[in-house]
Amino acid sequence: MDKAIIVADDSMIIRNIIDKAIGDEYVVLHAGNGKEAIKHITDRKYDIVGILLDLNMPEADGFVVLNYFKNNNLFKKYPIVIISGDDTKDTISRAFTYDIVDMLNKPFSGDNIKNMISKMITFKN
């Protein structure tokens, strides 16, 4: 089964940057909102090794996904790195109340993403 990373962000530009950075190594599953991210988890079509999750998205934001993971005890199975442009103290504190790997503030580079994915893979194993 192919290894995949879910990129949950409502920005197609961000999803494409990440796809370009890691698409040679992983299947990149795009999700424009939290509902789509959860659907990728429940589909089980790929070996999902982690999720890059934006907090501010339409329909279902990143905190909806984080609550779903908490309620279903999924953090060890699918490590999450938050990717967000919201770097306020309250948001960062709230994000770290969940069992996330880390948080990466936008804008970021392809190398930043590769480093975070390496950290995510280590966290999973």
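For clarity, every value in this text was computed on a predicted model and none was experimentally measured.
Side chains of Ser118 and Asn115: no donor on one and acceptor on the other come within 3.5 Å. Between the side chains of Tyr98 and Asn67, at least one donor-acceptor pair of N or O atoms lies under 3.5 Å.
Pairs passing the salt bridge (charged side-chain N to carboxylate O under 4.0 Å, His left out) check and including a residue from residues 84-97, sequence neighbours excluded, do not occur. Applying the salt bridge (charged side-chain N to carboxylate O under 4.0 Å, His left out) definition to pairs two or more places apart or across chains, those involving residues 100-111 are Asp9-Lys106, Asp54-Lys106, Asp102-Lys119.
A distance of 11.0 Å separates CD1 of Ile13 from CG of Asp10, quoted to the nearest 0.5 Å. For the atom pair CD1 of Ile92 and OG1 of Thr97, the computed distance is 12.5 Å after rounding to the nearest 0.5 Å. In this structure, CG in Leu66 is found 5.5 Å from CG in Leu53, a value given to the nearest 0.5 Å. Taking CD from Glu36 and NE2 from His30, the interatomic distance works out to 11.0 Å, rounded to the nearest 0.5 Å. For the atom pair Asn33 CG and Met57 CE, the distance stands at 6.5 Å (nearest 0.5 Å).
Around CG of Asn71, the count of heavy atoms belonging to other residues, nucleotides or ligands within 6.0 Å exceeds 12. More than 12 heavy atoms of other residues, nucleotides or ligands lie within 6.0 Å of CG in Asp43, so this atom counts as buried by the packing criterion. Within 6.0 Å of OH on Tyr46 lie no more than 12 heavy atoms contributed by other residues, nucleotides or ligands.
Hydrophobic clustering (side-chain heavy atoms under 4.5 Å, transitive across Ile, Leu, Val, Met, Phe, Trp, Tyr) groups Val101 together with Ile117. In terms of hydrophobic clustering, with Ile, Leu, Val, Met, Phe, Trp and Tyr side chains grouped at heavy-atom distances under 4.5 Å, Leu29 and Phe69 are assigned to a common cluster. By the rule that hydrophobic residues join a cluster once side-chain heavy atoms approach within less than 4.5 Å of another member, Ile83 and Ile22 end up as members of one cluster. Linking Ile, Leu, Val, Met, Phe, Trp and Tyr residues whenever their side-chain heavy atoms come within less than 4.5 Å leaves Ile17 and Val28 in two separate clusters.
Screening Ile41, Asn72, Val49 against Tyr78 for a side chain to side chain contact (heavy atoms under 4.5 Å, CB included) leaves a single residue, Ile41.
With a 4.5 Å cut-off on side-chain heavy atoms, Asn56 and Asp61 do not count as touching. Between Ile51 and Pro79 there is no side-chain heavy-atom pair separated by less than 4.5 Å. Within the 4.5 Å cutoff, the side chain of Ile18 has no heavy atoms near those of the Met116 side chain. Counting only heavy atoms from C-beta outward, the side chains of Lys76 and Asp99 approach each other to under 4.5 Å. Residues Leu52 and Ile113 form a side-chain contact, since some pair of their non-hydrogen atoms from C-beta on lies under 4.5 Å apart. You'll find the side chain of Tyr26 stays beyond 4.5 Å of the side chain of Val7, heavy atoms only.
Contact between Ala37 and Ile6 at its shortest, heavy atoms only, is O-CD1, 3.9 Å. Taking all atoms of both residues into account, the shortest heavy-atom contact from Ala21 to Lys114 is O-CE, 2.9 Å.
Hydrophobic cluster of Met12: no remaining members, since no ILVMFWY side chain lies below 4.5 Å from it.
One finds no salt bridge joining Asp19 and Arg15 here, because no Lys/Arg side-chain nitrogen approaches an Asp/Glu carboxylate oxygen to under 4.0 Å.
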